[in-house]
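Within every chain, numbering begins at 1; the chains are lettered A, B, ... in the order of the sequence lines, protein sequences first and strands thereafter. Just the heavy atoms: all of them, side chains too, but no hydrogens, waters or symmetry mates, feed the values below. This is a predicted model, so every value here is computed, not measured.
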Amino acid sequence: MPELPEVETIANGLQKRVSGDRIESVWLGSKPEPLKSPAAEIARALEGSRIDKVRRVGKHIVFDLRSRTDKSRRQWIVHLGMTGRMLVTSAEAELPRHAHLVAKLASGRELRFVDPRRFGRLEVRQTEFNGPGAEPLLISSEDFARLFHRRAAPIKASLLNQNLLHGVGNIYADESLFRAGIRPRRRANSLTRAELARLHTALREVLQEAIAAGGSSVSDYVDADGEAGFFQLQHRAYGREGQPCLVCKTKIKKIVVAGRGTHYCPKCQK
DNA sequence: ATACCGACCTGTCAGC
DNA sequence: TGCTGACAGGTCGGTA
């Protein structure tokens, strides 16, 4: 579900609403555990901790925690998978289906992790989490080009590879390739310097515009307040198969690349 | 080392 | 109405 702009929106919302609050108790759903750390360890790390800060790293939400008792620091890492939500609600609000974690806050509210498909992951760590790859909004044009220029895989598959860049998913891969005028199936190592530079610029622009719009709500993404984003209204390729290209009116095509639905303009993208 | 492909889950929607 | 299959913002592990 959520890619960089959506996770950024959620993390910013959480930072505004719960930083400084304290987690008093934690309820963890029983059967299926979307957990990378043992449930007991997660509960132990969260309970009694103050939330110092909430931020995004790649597609992960990072909660910086500080223990009340021994002042030790922990990081609670949340990956939302395809359908995960992290919501701040009143304690009275009805608990939705597929809630897997509820953290009661000192303020009386609840922080709830809800994930129907259970692709999301929760983890607690003591060491700094930097994510697997580079940040698309921070990387220089030269470093960006260096990541891709020897890769034999299709450029779209390379954009989705979180070990290179993290945070780019299916929507923003398609949107940035459209803006850069590059076909998704092109091998990354076939792109010219100029094309890589265009892609770097296009990707940053798309991500920044999407963050400004609060992310894309294609089906069920909502921010920490339960509000939808509206960048989907500005998509130029993703989800527009059969519709006229906004630049040249050619019909947008849909193919499969790296196992993912992929949208592009056969005329504008070379 | 790299790259496909199914698996992991549930919900929704189109087609019959 | 109801069934079946395809598909969905993501990642992982096995295999070629």
Side-chain angles (χ1 to χ4, degrees), chain A residues 1-11 29-36 56-61 77-86 96-101 113-123 129 131-133 136 147-178 184-190 203 206-207 209-211 213-224 227-242 254-263:
Chain A
M1 152 211 204
E3 307 180 34
L4 187 153
E6 292 76 37
V7 180
E8 175 93 12
T9 303
I10 293 166
S30 45
K31 303 170 209 147
E33 66 294 345
L35 309 177
K36 288 177 83 173
R56 174 193 66 76
V57 173
K59 295 177 191 173
H60 302 261
I61 303 169
I77 316 295
V78 177
H79 193 296
L80 298 171
M82 291 274 258
T83 53
R85 300 176 175 197
M86 187 61 78
R97 280 166 68 81
H98 308 301
H100 301 121
L101 179 147
F113 174 65
V114 180
D115 183 16
R117 280 176 81 179
R118 286 188 267 143
F119 288 171
R121 289 292 175 265
L122 307 179
E123 181 184 5
F129 177 74
L147 284 181
F148 297 112
H149 77 119
R150 289 215 174 90
R151 299 255 144 197
I155 183 59
K156 167 147 178 183
S158 304
L159 282 172
L160 293 176
N161 183 342
Q162 302 295 299
N163 294 312
L164 303 176
L165 277 187
H166 58 208
V168 181
N170 207 31
I171 292 178
Y172 301 101
D174 282 4
E175 291 297 310
S176 58
L177 287 167
F178 176 87
R185 278 222 179 99
R186 288 269 304 281
R187 296 195 168 255
N189 60 13
S190 78
L203 179 59
V206 162
L207 294 174
E209 289 171 28
I211 290 168
S216 300
S217 290
V218 172
S219 67
D220 57 4
Y221 154 74
V222 292
D223 69 13
E227 300 291 325
F230 47 93
F231 189 70
Q232 66 281 6
L233 303 175
Q234 295 176 58
H235 290 176
R236 300 180 195 173
Y238 183 85
R240 297 196 66 249
E241 64 270 24
K254 183 174 182 185
I255 59 176
V256 174
V257 180
R260 315 296 303 279
T262 296
H263 316 73

Undergrad: Show me the protein contacts with nucleotides 2-7 of chain B, counting only N or O atoms at under 3.5 Å.
TA:
from	atom 1	to	atom 2	distance (Å)
dA3(B)	OP1	A153(A)	N	2.6

Undergrad: Could you summarise the pairing of DNA chain C as dot-bracket text, marking Watson-Crick and G-U pairs under 3.5 Å with ( ) or [ ] inside the strand and | across strands?
TA: .|||||||.|||||||
Undergrad: Using a cut-off of under 3.5 Å, enumerate the N/O to N/O pairs linking the protein to nucleotides 12-16 of chain C.
TA:
none

Undergrad: Can you list the residues that meet the side-chain contact (heavy atoms from CB on, under 4.5 Å) rule with E8(A), with sequence neighbours excluded?
TA: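 For E8(A), the residues satisfying side-chain contact (heavy atoms from CB on, under 4.5 Å) (neighbours in sequence not counted) are N12(A), R56(A), I211(A).
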Undergrad: With sequence neighbours left out, write down each residue that passes side-chain contact (heavy atoms from CB on, under 4.5 Å) with Q162(A), or none if nothing qualifies.
TA: K59(A), P132(A), H166(A)
Undergrad: Listed by chain and number, what are the ring pair (Phe, Tyr, Trp, His ring centres under 6.0 Å) partners of F178(A), not counting sequence neighbours?
TA: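 F178(A): no ring pair (Phe, Tyr, Trp, His ring centres under 6.0 Å) contacts found.
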Undergrad: Has H98(A) got a side-chain N or O lying under 4.0 Å from the OP1 or OP2 atom of dC9(B)?
TA: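 No, because none of the side-chain N or O atoms of H98(A) sits under 4.0 Å from OP1 or OP2 of dC9(B).
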Undergrad: How would you list, by chain and number, every residue that makes a side-chain hydrogen bond (donor to acceptor under 3.5 Å, both in side chains) with E227(A), sequence neighbours excluded?
TA: none
Undergrad: Please identify each residue that fulfils salt bridge (Lys or Arg N to Asp or Glu O under 4.0 Å) with D174(A), with sequence neighbours left out.
TA: K156(A)
Undergrad: Working to the nearest 0.5 Å, report the span between NE2 of H263(A) and CD of E175(A).
TA: 9.5 Å
Undergrad: What is the distance from CZ of R118(A) to P of dA8(C), rounded to the nearest Å?
TA: 21 Å
Undergrad: Salt bridge (Lys or Arg N to Asp or Glu O under 4.0 Å) with R186(A): which residues, sequence neighbours excluded?
TA: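 In terms of salt bridge (Lys or Arg N to Asp or Glu O under 4.0 Å), with neighbours along the sequence ignored, R186(A) is linked to E195(A).
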Undergrad: Could I get the full list of side-chain contact (heavy atoms from CB on, under 4.5 Å) partners for H98(A), not counting sequence neighbours?
TA: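 Counting only residues at least two positions away or on another chain, H98(A) forms a side-chain contact (heavy atoms from CB on, under 4.5 Å) with H100(A), V114(A), P116(A).
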Undergrad: Sequence neighbours excluded, which residues qualify as ring pair (Phe, Tyr, Trp, His ring centres under 6.0 Å) partners of F230(A)?
TA: none
Undergrad: Answer with yes or no whether R117(A) presents, from its side chain, a donor or acceptor under 3.5 Å of a partner atom in the base of dA8(C).
TA: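 It does, because a donor-acceptor pair links the side chain of R117(A) to the base of dA8(C) below 3.5 Å.
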Undergrad: Of all residues at least two apart in sequence or in a different chain, which pass the side-chain contact (heavy atoms from CB on, under 4.5 Å) check with R151(A)?
TA: S158(A), N161(A), L164(A), A188(A)
